[in-house]
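Structure first, then comments.
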Amino acid sequence: MQDPIDTRTVQRIRRALLAWYAHNARDLPWRRTRDPYAVWVAEILLQQTRIDQGTPYFERFLAAFPTVEALARAQEDAVLKLWEGLGYYARARNLHRAARLVAFERGGRFPETAEAWQALPGIGRYTAGAIASIAFNEAVPVLDGNVKRVLARVFDIAAPIDQAATESRLWTLAGALVPPRRPGDFNQAMMELGATVCTPKTPSCAACPLRTLCEAAARGTQAERPVKGKKPATPHYEIVVAAIEKNGRFLLGKRPPSGLLGGLWEFPGGKVQAREAHEQALKREIREELGVEIRVGGLAAVVKHAYSHFKVTLNVYRCTIESGTPRPVAHSELKWVSRAQFGRYAFPKANLKFIGVL
DNA sequence: AAATCGGGGGT
DNA sequence: ACCCCAGATTT
């Protein structure tokens with residue numbers, strides 16, 4: 001079964017952590033409110049995202065869409081434009097979908113329990129627990145990367161934390177620790193500790209409020225915790241991209257509504273196959289994707305970019321159409337756009353890297 | 001359980 | 001070059 005935690009240890013952890021948090025909590029914008037909508041936006045936007053990277057997006061997002069109704073009324077293109085450069089764009093699409101659900105089918109009433117929050121798209125167990133504990137004072141746990149690391153060290157857990165059985169055990173531990181009184185502060189304190197003290201490398205154990213009851217620190221195993229499984233090597237792809245120009249406009253395609261970079265606008269192109277020349281690859285891709293024949297001109301840019309599970313090199317060529325009228329085959333929509341209008345479209349980061357030289 | 005889904009910063 | 005980040009969803 002689960003390790004029974006002795007209630008005295010639970011009390012000590014709660015007290016030490018809450019006292020530490022009272023003096024060490026960073027002043028973050030979403031901590032100045034308990035508006036469920038603001039907390040919700042922050043939690044979605046911070047999934048797999050560092051505070052420093054997400055904070056400016058939070059400010060811009062709330063300025064543009066101050067309420068769930070405002071977000072619900074927005075066009076998806078406008079939402080994606082605000083998410084541009086942040087990655088994991090399904091977060092933005094799901095947030096927008098969920099906002100419309102709340103505004104239009106729930107009469108603007110937010111869920112009030114973690115279980116009800118988790119029924120919304122894009123909200124899993126972590127996010128539901130975070131919103132419910134912070135904005136509704138429900139005594140439910142959170143388990144993010146920070147909390148996993150803290151628990152793996154405090155309880156010196158040697159099992160790989162990415163295994164389902166270990167994760168389940170960690171949820172149980174986290175649940176046993178959340179206090180009934182200030183669950184939101186406690187959950188944020190756990191994450192804050194992981195982010196600022198109990199860091200992945202060279203943790204600041206000397207400054208840790210849990211130092212005296214940390215089993216890893218006692219055994220000197222903190223550098224070996226948490227244990228994680230190895231990740232597969234990421235492949236690399238050679239990509240050819242067509243900057244097709246006509247009368248001062250470029251041909252852009254809107255990517256399909258789901259999947260990689262779903263809903264974003266891009267310059268068309270595709271993978272170079274084995275033993276295939278760039279020019280042939282580009283002509284073939286554009287024939288397949290747009291149904292037109294092109295003339296391939298000079299190389300405009302070479303850009304390297306890393307995604308979550310593969311890497312690419314983009315070779316961008318200036319092109320013109322030789323015959324045919326472009327039709328959206330691989331895209332949901334095509335559009336001729338002038339340089340001056342590029343700013344209106346949400347592009348993948350890899351496209352932003354070369355867009356300036358066109 | 002494994003794969004998919006971005007991008008940036010630290011080491 | 002590899003790891004990690006206030007994870008969720010699909011296969």
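Just so we're on the same page: letters track the sequence lines, and every chain starts at 1.
Contact annotation: His309(A) side-chain N/O to dA3(B) OP1/OP2 distance is not under 4.0 Å. Within the 4.0 Å cut-off from OP1 or OP2 of dT4(B), not a single side-chain nitrogen or oxygen of Tyr307(A) is found. In this model, the phosphate group of dG7(B) is approached by a side-chain N or O of His305(A) to a distance below 4.0 Å at OP1 or OP2. Using a 4.0 Å cut-off, no side-chain N or O of Thr49(A) falls inside it from OP1 or OP2 of dA6(C). Contact check, Gln48(A) against dG7(C): a side-chain N or O comes under 4.0 Å of OP1 or OP2. Between Arg149(A) and the phosphate of dC5(C), there is a side-chain N or O to OP1/OP2 separation shorter than 4.0 Å. For the pair Lys231(A) and dC3(C), the criterion of a side-chain N or O lying under 4.0 Å from OP1 or OP2 is not met.
Taking for each of Arg97(A) and Ile51(A) the nucleotide of DNA chain C with the nearest heavy atom, the 5'-most of the two is the partner of Ile51(A). DNA chain B is contacted by both Gln163(A) and Pro348(A); Gln163(A) maps to the nucleotide lying nearer its 5′ end (nearest heavy atom per residue). Annotation: of the two residues near DNA chain B, Gln47(A) and Asp52(A), the 5′-most nearest-nucleotide partner is Gln47(A). Place Leu120(A) and Lys311(A) on DNA chain C by their nearest nucleotides, and Lys311(A) ends up nearer the 5' end.
The side chain of Ala195(A) sits closest to dA6(C) out of dG7(C), dG7(B), dA6(C). Proximity note for Lys349(A) (side chain, C-beta onward) versus dC5(B), dG7(B), dA6(C): the nearest is dG7(B). The side chain of Pro200(A) sits closest to dC4(C) out of dG7(C), dA1(B), dC4(C). Residue Ser308(A) places its side chain closer to dG6(B) than to any other of dG7(B), dA6(C), dG6(B). If you check dG6(B), dT9(C), dA6(C) against the side chain of Asp144(A), the one that comes closest is dA6(C). Distances were taken from every side-chain heavy atom of Lys228(A) (C-beta onward) to each of dG6(B), dT9(C), dC4(C); the shortest belongs to dC4(C). Relative to the side chain of Thr127(A), the nucleotides dA1(B), dA6(C), dG7(C) differ in distance, and dG7(C) lies closest.
Below 30°, between 30° and 60°, or above 60°: for Phe347(A) and Phe267(A) the angle between ring planes is below 30°, a parallel geometry. Relative orientation of the Trp117(A) and Phe110(A) rings is parallel, given thresholds of 30° and 60° on the angle between their planes.
Between Lys201(A) atom NZ and dG10(B) atom P there is a gap of 13 Å when expressed in whole angstrom units. Between Arg50(A) atom CZ and dC4(C) atom C1' there is a gap of 5 Å when expressed in whole angstrom units. Rounded to an integer number of Å, the gap from Leu80(A) CG to dC5(B) P is 16 Å. Asn94(A) places its CG atom 6 Å from the P atom of dT9(C), with the value rounded to the nearest Å. Atom CG of Asp162(A) and atom P of dA3(B) are 12 Å apart (whole Å). As a whole-Å value, the separation of Tyr88(A) OH from dG6(B) P is 8 Å. Distance, Glu43(A) CD to dG7(C) P: 9 Å, rounded to whole Å. The CG-C1' distance, from Leu352(A) to dG6(B), rounds to 12 Å in whole Å.
Thr202(A) comes within 4.0 angstrom of nothing in the nucleic acid, heavy atoms only. Residue Leu261(A) is classed as a sugar-phosphate contact, given heavy-atom separations below 4.0 Å to backbone atoms only. In this structure, Ala130(A) reaches neither bases nor backbone, as no heavy-atom distance under 4.0 Å exists between it and the strands shown. Tyr126(A) comes within contact range of at least one nucleobase, with a heavy-atom separation under 4.0 Å. Across all strands shown, Trp83(A) has no heavy atoms under 4.0 Å from either base or sugar-phosphate atoms. Base engagement by Leu86(A) is indicated by at least one non-hydrogen atom pair under 4.0 Å involving a base atom. Among the protein residues, Gly85(A) comes within range of the sugar-phosphate backbone only, with heavy atoms under 4.0 Å from sugar or phosphate atoms but none that close to a base.
A 3.5 Å limit on both hydrogen-bonding distances identifies no Watson-Crick or G-U partner for dG6(B).
For the P atoms, the distance from dA6(C) to dG10(B) is 13 Å, rounded to whole Å. Taking atom P on both dG8(B) and dA8(C), the two are 22 Å apart, rounded to the nearest angstrom. Separating the P atom of dA3(B) from that of dC3(C) is a span of 15 Å, rounded to the nearest Å.
With no hydrogens or angles considered, a side-chain donor-acceptor pair links Gln47(A) and Thr127(A) at under 3.5 Å.
Taking the six-membered ring where the residue is Trp, the centroids of Trp83(A) and Tyr88(A) are separated by 6.0 Å or more. In summary, the aromatic rings of Tyr307(A) and His309(A) are positioned with their centroids too far apart to meet the 6.0 Å limit.
Between the side chain of Arg31(A) and the base of dA6(C), at least one donor-acceptor pair of N or O atoms lies under 3.5 Å.
The neighbour count for Arg181(A) CZ, taken as heavy atoms of other residues, nucleotides or ligands under 6.0 Å away, does not exceed 12.
Under 4.0 Å is where a charged nitrogen must lie from a carboxylate oxygen, and between Arg32(A) and Asp27(A) at least one such pair does.
The side-chain heavy atoms of Lys254(A) and Asp77(A), taken from C-beta on, include a pair separated by under 4.5 Å.
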